Amino acid sequence: MTRQGGKMEALLVGADSLGNIPQVLQQYNIRIGRHICGRNVAHQRKTPLPGRPDVLILLTDFLGHNVMRHYRDSAAALGIPVLACRRSATAVEQRLRHHGWSRNA
């Protein structure tokens with residue numbers, strides 16, 4: 001699961017700050033293409049996914065159900081894998097491993 005050049009691009013939805021999550025993603029050769037907090041009313045409208053990310057990561061403890069459903073359904077329609085987890089570096093790493101990602105060598 002790598003993009004040309006070896007790095008995958010992720011769209012993160014949820015949370016105001018990401019803490020150590022960017023460092024964890026970097027270990028899995030994933031860069032954050034865009035982070036949307038999900039609180040802004042404009043983010044809650046039914047708009048298309050920005051860009052064409054390789055993976056969508058939903059930080060569920062900071063998102064409403066309708067916002068999550070919209071982003072999850074949009075990603076599914078485009079065949080983009082979705083990872084849903086709490087906003088912690090450990091939870092993100094566990095979800096990545098569960099879905100078959102492995103750390104850089």
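In this text the structure is predicted, and so the values were computed from the model without any measurement. Along the sequence shown, residues carry numbers from 1.
Rounding to the nearest 0.5 Å gives a distance of 5.0 Å between CG of Leu49 and OG of Ser74. One finds the CG atom of Asp73 at 11.5 Å from the CE atom of Met68 (value rounded to the nearest 0.5 Å). Taking CG of Leu63 as the reference point, atom CZ of Arg69 lies at 12.5 Å (rounded to 0.5 Å). The CG atom of Leu12 sits 6.5 Å away from the CD1 atom of Ile21 when rounded to the nearest 0.5 Å. Atoms NZ and CG, on Lys7 and Leu25 in that order, are 9.5 Å from each other to the nearest 0.5 Å. For the atom pair Leu56 CG and Ile80 CD1, the distance stands at 7.5 Å (nearest 0.5 Å).
Under the salt bridge (Lys or Arg N to Asp or Glu O under 4.0 Å) criterion, the residue pairs touching residues 78-87 are Asp61-Arg86, with sequence neighbours excluded. Under the side chain to side chain donor-acceptor pair (under 3.5 Å) criterion, the residue pairs touching residues 17-28 are Gln27-Arg103, Tyr28-Glu93, Tyr28-Arg97, with sequence neighbours excluded.
No side-chain heavy atom of Val24 sits under 4.5 Å from any side-chain heavy atom of Ile30. Considering only heavy atoms from C-beta on, Leu59 stays 4.5 Å or farther from Ser88 through its side chain. Leu83 places none of its side-chain heavy atoms less than 4.5 Å from the side chain of Leu58. Counting only heavy atoms from C-beta outward, the side chains of Leu96 and Val55 never approach each other to under 4.5 Å. With contacts defined as side-chain heavy-atom distances shorter than 4.5 Å, the pair Ile32/Leu18 qualifies. Taking the side chain as every heavy atom from C-beta outward, Val13 and Ile57 never approach each other to under 4.5 Å. By the 4.5 Å heavy-atom criterion applied to side chains, Met8 and Asn29 are not counted as neighbours. Residues His98 and Gln94 are not in side-chain contact: their nearest non-hydrogen atoms beyond the backbone lie 4.5 Å or more apart.
Nearest heavy-atom pair across Ala10 and Pro53 is C-CB, 4.3 Å. Looking at every heavy atom in both residues, Cys85 comes nearest to Arg95 through CB-CB, 4.3 Å. Here the closest non-hydrogen pair linking Pro50 and Arg34 is CB-NH1, 3.1 Å.
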message: Could you walk me through whether Ile36 and Tyr71 satisfy the side-chain contact (heavy atoms from CB on, under 4.5 Å) test, starting with their C-alpha distance in whole Å, then the side-chain angles of each, then the deciding distance to 0.1 Å, before giving a yes or no?
response: CA-CA 11 Å; Ile36 299 171; Tyr71 282 101; 3.8 Å; yes

